[in-house]
Participant: 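My structure is below; once you've seen it, I'll send some questions.
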Amino acid sequence: QLPCTVRDLSEAAGIPAMQIQRVLMQEGVMARINDSMDEDLTEFVAAELGLEVNFAQAVTLEDELLASIRDAEDPEDQLQPRPPVITFLGHVDHGKTSLLDRLIGINVVSGESGGITQHIRAYQIEKDGAGISFVDTPGHEAFTEMRARGANVTDIAVLVVAADDGVMPQTEEAISHAKAADVPIVVALNKIDIPGIDPMKAMADLSANGLQPSEWGGDIEVVKTSAITGEGMDDLLETLLTVADLNEYRANPNRNALGTSLESQQESGHGVVAKVIVQNGTLRVGDVVVCGDAYGRVRAMFDTLNPELAIEEAGPSTPVNLLGFNTAPAAGEHFYVLDDIAKARELAESREDQARRDSLGSTGPVHVTLENLFD
Ligand code: GDP
Ligand code: MG
């Protein structure tokens with residue numbers, strides 16, 4: 001991985017950083033341990049020290065610890081069905097939070113300041129014995145941001161469109177996000193209870209945006225819903241389970257867990273509370289986890305719907321509130337279970353160092369090249 005720092009070269013070659021710094025000093029450069037060198041300079045220094053550098057073989061701590069986890073293919077006979085993870089997307093005020101509230105039978109929306117969702121909510125419910133997980137986000141920025149970090153937690157997007165408003169600018173954005181994520185879309189044509197509305201207009205909007213309703217011969221299921229009266233709720237759940245069945249989402253519960261952090265904060269009396277969703281494997285109390293620059297041992301986990309309910313283990317597609325991280329991991333960071341807390345700490349700290357170096361920018365470590373070396 002290039003450019004490499006004095007430390008990287010020292011670690012890769014197994015020689016003291018001082019020796020590298022001495023070579024650089026002879027050329028008039030005072031390099032600190034975290035200063036980076038480009039490929040030419042690295043080769044120059046290596047040659048001075050009589051080392052062969054093979055850049056292709058530079059193995060980072062990241063690779064060493066995580067590559068085998070990331071690349072591990074689950075044996076076919078270990079794969080079991082897992083609940084689908086469903087995300088609500090759509091224009092503000094079209095009813096995403098209300099629909100989720102209605103589906104799980106709680107009322108968060110009335111308690112929201114200004115009616116705007118502040119937190120990512122994630123819940124798992126059961127319908128006819130089958131699990132379904134839902135994620136409600138404070139607008140699709142969160143969805144996009146997570147995808148930008150490579151976190152694809154969503155299996156199916158529910159596009160919420162208020163029947164009285166039709167397709168709005170954020171609806172269009174949501175459509176393109178869902179398409180970019182390549183996930184199936186189910187439309188909830190919401191607020192169907194409003195007297196005198198004409199659902200045809202919203203349907204025409206959808207079709208103009210490339211979402212052809214199935215009742216018009218297309219392949220998009222449009223379910224008419226009302227979060228107020230409850231109309232269409234069963235229909236929506238059944239449609240989602242049908243789409244899920246068709247896609248046969250599976251995971252391997254018999255491996256170390258990995259997943260994504262959705263949100264986390266420091267809570268007085270509790271330390272860091274991280275909301276995470278397990279995507280594969282089973283997460284257990286006592287497991288060593290690393291997530292971005294955070295690490296720790298899972299001290300306790302709680303159900304997201306019933307925050308008092310402690311749980312010992314969480315399988316694929318399960319969201320939990322997790323205690324045990326030393327610091328709050330960023331939203332969208334992947335977490336992994338490792339065997340060794342010392343390794344987890346080493347990885348977390350090296351990422352923290354890297355982040356610090358990146359954010360220092362021009363006032364930070366010098367990027368030394370052969371050119372500026374001989375200036
Ligand atoms: P979000 O921004 O998409 O999460 O939308 P909210 O769930 O916060 O809902 C915005 C407003 O629309 C709230 O005042 C809700 O009570 C109202 N609302 C949501 N769903 C319906 C519905 O099906 N019918 C009617 N009449 N109002 C609804
Ligand atoms: Mg909301």
Side-chain angles (χ1 to χ4, degrees), residues 85-125 132-147 153-154 156-178 181 183 185-203 205-206 209 211 213 220-240 262-263 265 275 277 304-305 307 319 331-332:
V85 180
I86 287 146
T87 301
F88 286 81
L89 296 176
H91 197 73
V92 66
D93 279 350
H94 278 198
K96 299 178 289 295
T97 300
S98 306
L99 280 173
L100 182 53
D101 276 1
R102 185 84 200 194
L103 284 172
I104 61 185
I106 63 169
N107 187 354
V108 166
V109 77
S110 65
E112 289 183 340
S113 67
I116 305 283
T117 304
Q118 307 285 342
H119 293 289
I120 292 193
R121 298 193 299 148
Y123 306 112
Q124 192 172 79
I125 63 167
I132 312 184
S133 296
F134 291 99
V135 178
D136 177 31
T137 63
H140 51 244
E141 293 78 15
F143 182 84
T144 322
E145 197 183 303
M146 278 203 218
R147 288 216 330 110
V153 297
T154 304
I156 304 170
V158 174
L159 183 71
V160 180
V161 184
D164 59 336
D165 234 7
V167 170
M168 298 295 280
Q170 287 172 29
T171 320
E172 284 176 14
E173 286 170 29
I175 294 171
S176 50
H177 293 317
V183 292
I185 299 173
V186 169
V187 175
L189 193 55
N190 194 38
K191 306 200 183 184
I192 207 74
D193 59 288
I194 295 179
I197 51 132
D198 175 16
M200 287 304 157
K201 188 211 163 259
M203 303 267 278
D205 284 355
L206 286 167
N209 278 278
L211 300 181
I220 298 293
E221 295 302 330
V222 178
V223 183
K224 297 189 178 73
T225 61
S226 167
I228 301 293
T229 67
E231 182 183 341
M233 288 299 120
D234 277 335
D235 200 2
L236 181 59
L237 280 179
E238 268 154 32
T239 305
L240 291 172
L262 299 172
E263 177 177 85
Q265 62 235 22
K275 185 170 294 171
I277 186 160
T304 52
L305 253 181

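In listed order, ligands and their atoms are each counted from 1.
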Participant: Decide yes or no for Leu159 and Leu211: does some side-chain heavy atom of the first lie under 4.5 Å from some side-chain heavy atom of the second?
Facilitator: yes
Participant: I want to check something: taking the side chain as every heavy atom from C-beta on, are Val167 and Glu172 in contact at a cut-off of under 4.5 Å?
Facilitator: yes
Participant: Can you check whether Phe134 reaches Val158 side chain to side chain, under 4.5 Å on heavy atoms?
Facilitator: no
Participant: State, to 0.1 Å, how close Val161 and Val187 come at their nearest heavy-atom pair, and which atoms those are.
Facilitator: CG2-CG1, 4.1 Å
Participant: Residue-level breakdown please: for Lys96 versus ligand 1, do any non-hydrogen atoms fall below 4.0 Å on the side chain, on the backbone, on both, or on neither?
Facilitator: both
Participant: Quick one: side chains of residues 189-196, donor-acceptor pairs under 3.5 Å with protein atoms, not counting sequence neighbours, listed by atom name and distance.
Facilitator:
residue : atom : partner : partner atom : Å
Asn190  : OD1  : Thr225  : OG1          : 3.0
Asn190  : OD1  : Ala227  : N            : 3.4
Asn190  : ND2  : His94   : O            : 3.0
Lys191  : NZ   : Asp93   : O            : 2.7
Asp193  : OD1  : Ser226  : OG           : 2.9

Participant: Can you list the ligand 1 atoms lying under 4.0 Å from a non-hydrogen atom of Ile194?
Facilitator: 26 (N)
Participant: Closer than 4.0 Å to some heavy atom of Ser226 - which atoms of ligand 1 meet that?
Facilitator: 23 (O)
Participant: Near Asp193, which atoms of ligand 1 are under 4.0 Å from a heavy atom of that residue?
Facilitator: 22 (C), 23 (O), 24 (N), 25 (C), 26 (N)
Participant: Using a plain distance cutoff, I'd like to know if Ala227 has any nitrogen or oxygen under 3.5 Å from a nitrogen or oxygen of ligand 1.
Facilitator: yes
Participant: Can you check whether Val92 has an N/O within less than 3.5 Å of an N/O in ligand 1?
Facilitator: no
Participant: Is it true that some N/O/S atom of Ser98, main chain or side chain, lies under 2.8 Å from the Mg ion (ligand 2)?
Facilitator: no
Participant: Mind checking what makes salt bridge (Lys or Arg N to Asp or Glu O under 4.0 Å) contact with Asp234, not counting sequence neighbours?
Facilitator: Lys127
Participant: Polar contacts were defined as any N/O atom of the residue lying under 3.5 Å from an N/O atom of the ligand; does this apply to Thr225 and ligand 1?
Facilitator: no
Participant: Measuring only between side-chain heavy atoms, which start at C-beta, is Val135 closer than 4.5 Å to Lys275?
Facilitator: no
Participant: Could you work out, for atom 11 (C) of ligand 1, the closest of Asp136, Asp93, Leu189 by heavy-atom distance?
Facilitator: Asp93
